[in-house]
Number of protein chains: 2
Amino acid sequence: MEESLKRSDDTKAKLIDAAGHVFAQRGYPSTTVREICGRAGTPVGAVNYHFRNKQGLYVAVLEHSMQSAFAKYPLQYGIEGEATPEEKLRAFIHSFLLRILDEGVPAWHMKLVNQEISDPAGAFDHMMEACIRPTYEYLRGILCEMLEEENVEEGRESDLVFLCATSIAGQCLYHFMGRNVIAALRPESFNPADIGRIAEHITEFTLRGIRKPGEQGERHRKEAHGTASAR
Amino acid sequence: MEESLKRSDDTKAKLIDAAGHVFAQRGYPSTTVREICGRAGTPVGAVNYHFRNKQGLYVAVLEHSMQSAFAKYPLQYGIEGEATPEEKLRAFIHSFLLRILDEGVPAWHMKLVNQEISDPAGAFDHMMEACIRPTYEYLRGILCEMLEEENVEEGRESDLVFLCATSIAGQCLYHFMGRNVIAALRPESFNPADIGRIAEHITEFTLRGIRKPGEQGERHRKEAHGTASAR
DNA sequence: ACAAAAATTGAACAATTGTTCAATACAAGC
DNA sequence: GCTTGTATTGAACAATTGTTCAATTTTTGT
């Protein structure tokens with residue numbers, strides 16, 4: 001019983017691993033179950049036997065990807081005990097980039113998630129609840145704290161908080177989504193080893209970019225540049 | 001002669017329009033030439049006759065998309081005569097968002113370009129040279145001016161300029177690439193009518209985020225991080 | 001008006017797809 | 001060791017794909 005179960009799970013694992021590579025490389029529609037099975041060394045029927053069909057395997061792969069990426073880089077990665085909102089934001093951005101750019105964690109884990117974001121193939125809703133919404137809620141908490149908004153508990157954050165969250169997510173994700181463009185514009189930089197530098201830039205850029213509603217009016221129009229930001 | 005040419009071009013235009021809709025909706029691999037031809041009211045052989053094959057039609061569609069989008073919103077959209085770098089940046093961000101989010105210009109135009117960015121299907125290099133690199137060069141010019149870098153003419157901008165450019169592009173593009181996520185997190189906002197507000201946020205966020213190298217030291221930490229700038 | 005040439009069409013084709021299910025291998029009970 | 005029940009396999013299948021090319025229509029030259 002233990003033997004058979006182990007064998008079955010082993011085949012499943014091999015399929016998920018092989019499928020992850022192929023799905024991430026070719027995208028869902030261009031991936032054939034034959035290529036997956038060839039790579040995994042299983043018969044073609046195995047996919048339909050273990051996962052009902054191609055779609056079922058895809059959902060299982062995505063589930064595994066999310067769990068795996070968040071197991072290695074949890075939301076609070078780099079935070080221990082108390083921390084200021086600024087420190088939390090710095091850690092959030094760094095771990096976010098690691099999650100999507102680190103080649104150490106099987107490279108396809110977050111590749112698939114991002115693929116599903118820009119071009120859903122059947123697992124979008126599940127991914128939303130299991131992975132994206134919790135991440136957003138965590139970031140929202142940090143931003144509400146920084147902007148001194150009180151409605152952290154309720155889901156009624158201001159437009160400003162939401163727009164800042166998209167600014168942060170956009171800056172990070174572009175280093176993944178636009179990786180082909182970045183590589184074409186600047187072939188020499190950046191390799192995965194530069195994640196720290198990228199995180200540093202985005203953090204500084206963002207910390208300056210965020211501004212509390214009443215803090216300071218428009219300053220970029222006609223007046224002089226010299227205005228140093230208070231606080 | 002005029003008649004035949006006109007007829008041929010008319011069929012080509014119908015095919016490009018139909019193909020644009022379908023390619024943008026389903027992606028390249030999932031699109032069938034039969035669906036395109038059905039939509040365009042042409043026989044199945046027409047694609048191979050007029051464009052050699054499916055791939056040829058795809059390239060033609062992308063070419064048409066880029067020309068069309070930049071014809072409606074040119075790089076200098078919103079700028080007349082002299083303008084400060086800040087005003088240029090504001091206009092750049094606004095027109096960039098319009099180009100990718102405006103539903104007025106056939107919605108699939110930039111959808112395809114972004115699809116090709118995150119998942120190339122054979123026209124990446126051409127798109128890079130015809131559309132993305134010029135856009136980047138224009139933005140680079142603005143940023144070099146703001147950051148008072150002198151090497152505007154040469155292609156040797158600093159890492160800071162490049163990272164700021166990716167921060168801007170990322171913030172803008174996420175409103176397109178992550179549109180499904182944004183719609184799921186906040187079903188009530190934002191509709192295309194809000195492009196102005198989004199542009200305003202990104203501009204202000206970015207103007208604060210950009211900082212001249214010597215302008216002001218790190219202010220959010222006790223110390224600067226180890227590697228400031230290698231290479 | 002007629003013939004020659006070029007443009008256009010769509011039925012047929014070979015290749016590939018996801019899925020099935022009878023045949024096989026394997027384990028458990030006695 | 002044999003029988004029964006379950007797990008696994010892979011050849012066969014129907015559906016769909018992009019592409020072809022002989023047949024047909026349309027245009028051109030005289």
Side-chain angles (χ1 to χ4, degrees), chain A residues 1-62 112 115-116 119-123, chain B residues 1-62 112 115-116 119-123:
Chain A
M1 186 214 293
E2 192 192 7
E3 283 293 330
S4 91
L5 203 74
K6 209 172 158 193
R7 185 117 109 99
S8 174
D9 285 359
D10 187 55
T11 305
K12 274 182 160 181
K14 276 197 297 183
L15 275 174
I16 285 181
D17 185 69
H21 277 91
V22 187
F23 278 136
Q25 195 187 350
R26 301 219 198 296
Y28 180 81
S30 303
T31 296
T32 71
V33 310
R34 278 173 175 78
E35 180 171 1
I36 293 172
C37 293
R39 203 176 161 82
T42 66
V44 285
V47 162
N48 298 70
Y49 177 69
H50 287 285
F51 300 95
R52 207 169 83 92
N53 54 21
K54 181 185 174 184
Q55 173 93 4
L57 172 58
Y58 178 71
V59 173
V61 167
L62 224 80
L112 280 171
Q115 211 170 76
E116 185 74 12
D119 187 23
Chain B
M1 185 213 294
E2 193 191 7
E3 283 295 330
S4 91
L5 202 74
K6 210 170 160 194
R7 182 115 109 100
S8 174
D9 285 359
D10 187 55
T11 305
K12 274 182 159 181
K14 275 198 298 184
L15 275 174
I16 285 181
D17 186 70
H21 276 91
V22 186
F23 278 136
Q25 193 186 352
R26 301 220 198 296
Y28 180 80
S30 302
T31 295
T32 71
V33 309
R34 277 174 175 79
E35 181 170 0
I36 293 172
C37 293
R39 204 179 161 91
T42 66
V44 285
V47 163
N48 299 69
Y49 177 71
H50 286 286
F51 300 95
R52 208 171 83 91
N53 55 21
K54 181 185 174 183
Q55 172 93 4
L57 172 57
Y58 178 71
V59 172
V61 166
L62 224 80
L112 280 171
Q115 211 170 77
E116 184 73 10
D119 186 23

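Sequence lines set the chain letters: A, B, ... in the order given, protein chains first and strands last, and positions in each chain run from 1.
- Rounded to whole Å, atom P of D:dT8 lies 11 Å from atom CG of A:Asp10.
- Distance A:Phe51 CZ to D:dT8 C1': 14 Å, rounded to the nearest Å.
- In this structure, the side chain to side chain contact (heavy atoms under 4.5 Å, CB included) partners of B:Asp17, at least two apart in sequence or on a different chain, are B:His21, B:Trp108.
- Within residues 15-23 of chain A, no residue places a heavy atom under 4.0 Å from DNA chain C.
- With sequence neighbours excluded, the residues satisfying side chain to side chain contact (heavy atoms under 4.5 Å, CB included) with A:Pro43 are A:Ala46.
- The side chain to side chain contact (heavy atoms under 4.5 Å, CB included) search around A:Glu35 returns A:Val22, A:Arg26, A:Thr32, not counting sequence neighbours.
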Show the distances under 3.5 angstrom between N or O atoms of the protein and N or O atoms of nucleotides 19-21 of chain C.
| residue | atom | partner | partner atom | Å |
| --- | --- | --- | --- | --- |
| C:dT19 | OP2 | A:Lys54 | N | 3.0 |

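- Computed from coordinates, the A:His50 NE2 to C:dG18 P distance equals 18 Å when rounded to whole Å.
- Here B:Ser30 lies out of heavy-atom contact (under 4.0 Å) with every strand.
- Counting to the nearest Å, the C1' atom of C:dG18 and the CD atom of A:Glu35 are 15 Å from each other.
- Side-chain contact between A:Asp119 and B:Asp119 is absent, with no heavy-atom pair separated by less than 4.5 Å.
- Scanning for side-chain hydrogen bond (donor to acceptor under 3.5 Å, both in side chains) contacts around B:Gln55 gives B:Tyr28, with sequence neighbours left out.
- Listed nucleotides: C:dG10, D:dT8, D:dT17. Nearest to the side chain of B:Thr32: D:dT17.
- Closest approach of A:Cys37 to A:Val47, counting heavy atoms only: SG-CG2, 3.6 Å.
- A:Phe23 approaches A:Lys54 most closely through the heavy-atom pair CE2-CE, 4.2 Å.
- For A:Ala123, the side chain to side chain contact (heavy atoms under 4.5 Å, CB included) partners two or more places apart in sequence, or in a different chain, are A:Tyr58, A:Val59, A:Leu62, A:Glu116.
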